[in-house]
Number of protein chains: 2
Amino acid sequence: MKCDQLRTELKKRNQRMTAQRDIVLKSFIEAETDHLSADEAYRKVMEKNCRISKATVYRTVELLAGLGLLRRIVFRDGIIRYELVKKGEHHHHHVVCNRCGSVVEFPLDNLDDLEELVREKTGYTIEDHQLKFYGLCPKCQSEKKTQNNRDSETK
Amino acid sequence: MKCDQLRTELKKRNQRMTAQRDIVLKSFIEAETDHLSADEAYRKVMEKNCRISKATVYRTVELLAGLGLLRRIVFRDGIIRYELVKKGEHHHHHVVCNRCGSVVEFPLDNLDDLEELVREKTGYTIEDHQLKFYGLCPKCQSEKKTQNNRDSETK
DNA sequence: CTAGATGCAAAGGTTTTGCAGATTT
DNA sequence: AAATCTGCAAAACCTTTGCATCTAG
């Protein structure tokens, strides 16, 4: 279980397991493929009538990211979101709708050979990479189409 | 010249060429491969003792991005930065140092075939993509090494 | 002349911080 | 008991907005 992993990682650093940390972590487990910002995580926690302060949630998500339990994901809107790091998960990338902001994951082999090429060419040692695709989701494609039709009728 | 392009794009939309817009655009031309946030652009402008209000700079960078003269770039820190769009430029990606935040560009063929694959699998029509590599720049690699050595001597 | 742009200051929204009191180990 | 964590409220940030004034076309 994730909570055990959290407990272990905390112990390594002489940090403590608390009810709040457990609750925040669980909110990401429940969010599944949703990518929550610190603020969204806070709201989710509040909905379950768990009273945690906003400051604690903000502190906790960064803690969890530092421990390797969450991964920071940032799209073009600049909002810092987090997703659960799953052990043994396939590498995946993100496809984002420019209109409604919906996100789907896209599994793809690691671009390891590319990382090696980048290291050779730039001298940077590469720890990881993120690939994002931006476009229109199926729903927004059809909505846009009907809207365009309306527009041309009006003219 | 870029300013002509700006003038043309503005005219198309019945918008006006102003001294402020010229100055902001120039600050990105001078920044070269630096990626400036709106706030950094504002400071750069101030240094040249051009008095433009912050609000105007913020409005202008978004305007320029909308006109296709700047491109939004967002790294993991969530800060929205902008880079100049160069005509006929090779597609490039970004390599970011996790320690000092330095950024270098990495030319690479477009991943167009990948975009097509993503469209087939997800149903999203893809407009563009961004690939970022995160790691350590050469300078930080050596600094980290000497720091580690110091640490082990202390023990 | 007049639609559009700017500057200012105020408002809005998000994230961080200091510190007293509560909790974990 | 001691070190760590939490909650609260204030502070710090960053960005946007409303509106009077100015200006490009």
Side-chain angles (χ1 to χ4, degrees), chain A residues 3-4 6-27 35-46 48-67 69-70 72-82 101, chain B residues 3-4 6-27 35-46 48-67 69-70 72-82 101:
Chain A
C3 302
D4 298 337
L6 172 54
R7 193 163 241 118
T8 311
E9 288 301 320
L10 288 170
K11 190 162 281 175
K12 275 188 202 165
R13 295 156 218 237
N14 280 322
Q15 292 179 299
R16 291 169 185 177
M17 185 60 186
T18 65
Q20 290 87 335
R21 288 172 181 180
D22 187 54
I23 290 167
V24 172
L25 179 55
K26 284 213 173 75
S27 78
H35 305 81
L36 305 178
S37 66
D39 209 66
E40 287 166 340
Y42 171 68
R43 271 169 238 189
K44 243 178 103 71
V45 164
M46 295 314 277
K48 299 194 292 184
N49 52 37
C50 303
R51 311 226 104 257
I52 307 186
S53 80
K54 209 175 232 200
T56 297
V57 175
Y58 274 81
R59 283 185 285 230
T60 302
V61 291
E62 269 306 299
L63 174 83
L64 295 176
L67 297 179
L69 290 157
L70 297 182
R72 265 179 177 238
I73 301 289
V74 183
F75 303 119
R76 265 208 281 249
D77 60 10
I79 297 174
I80 297 173
R81 290 171 230 263
Y82 303 84
Chain B
C3 303
D4 298 337
L6 172 54
R7 194 163 241 118
T8 311
E9 288 301 321
L10 288 169
K11 190 162 281 175
K12 275 189 202 165
R13 296 158 216 236
N14 281 319
Q15 292 179 300
R16 290 171 186 175
M17 185 61 186
T18 65
Q20 289 88 335
R21 288 171 181 180
D22 188 54
I23 290 166
V24 172
L25 178 55
K26 284 216 172 75
S27 77
H35 304 80
L36 306 179
S37 66
D39 208 67
E40 287 167 340
Y42 170 68
R43 271 169 239 187
K44 243 178 106 66
V45 163
M46 295 315 278
K48 299 194 292 185
N49 53 35
C50 302
R51 312 226 104 258
I52 307 187
S53 79
K54 207 177 235 201
T56 297
V57 175
Y58 274 81
R59 283 186 283 230
T60 303
V61 292
E62 269 305 300
L63 174 85
L64 295 175
L67 296 179
L69 290 157
L70 296 181
R72 267 180 176 237
I73 301 289
V74 183
F75 303 119
R76 264 209 281 250
D77 59 9
I79 296 173
I80 296 171
R81 291 171 229 265
Y82 302 83

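These numbers come from the heavy atoms of this one structure, side chains and all, not from hydrogens, waters or symmetry mates. First the proteins, then the strands, lettered A, B, ... as listed; each starts at 1.
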Around A/Arg13, counting heavy atoms of other residues, nucleotides and ligands shown, do more than 12 lie under 6.0 Å from its CZ?
-> yes
When the rotation axes relating C1' atoms of four end pairs to the next four are compared across the helix from C/dC1-D/dG25 to C/dT25-D/dA1, five pairs an end, they differ to 10° by 40°
Is the number of heavy atoms from other residues, nucleotides or ligands under 6.0 Å of A/Lys11 NZ greater than 12?
-> no
Exceeds 12 heavy-atom contacts within 6.0 angstrom, atom CZ of B/Arg72 | yes
For B/Arg51 and C/dG7, is the shortest distance between a side-chain N/O and OP1 or OP2 below 4.0 Å?
-> no
Can you tell me how far OG1 of B/Thr60 sits from CG of B/Leu69, rounded to the nearest 0.5 angstrom?
-> 12.0 Å
Among side-chain atoms of B/Glu40 and B/Tyr82, is any donor-acceptor pair under 3.5 angstrom?
-> no
What pairs of nitrogen or oxygen atoms, one from the protein and one from nucleotides 23-25 of chain C, lie under 3.5 Å apart?
{"residue": "C/dT24", "atom": "O3'", "partner": "A/Met17", "partner atom": "O", "Å": "3.4"}
{"residue": "C/dT24", "atom": "O2", "partner": "A/Arg16", "partner atom": "NH1", "Å": "2.8"}
{"residue": "C/dT25", "atom": "OP1", "partner": "A/Met17", "partner atom": "N", "Å": "3.4"}

Round to the nearest Å and state the distance from A/Glu9 atom CD to D/dT4 atom P.
-> 18 Å
In whole Å, what is the span from the CZ atom of B/Arg21 to the C1' atom of C/dT6?
-> 9 Å
Between B/Lys54 and B/Asp39, is any pair of side-chain heavy atoms under 4.5 Å apart?
-> yes
Spatial distance of atom CG (B/Leu63) from atom OG1 (B/Thr56) [nearest 0.5 Å] | 11.0 Å
At a cut-off of 3.5 Å, list every protein nitrogen or oxygen paired with a nitrogen or oxygen from nucleotides 13-20 of chain C, distance to 0.1 Å.
{"residue": "C/dT15", "atom": "OP2", "partner": "A/Tyr58", "partner atom": "OH", "Å": "2.2"}

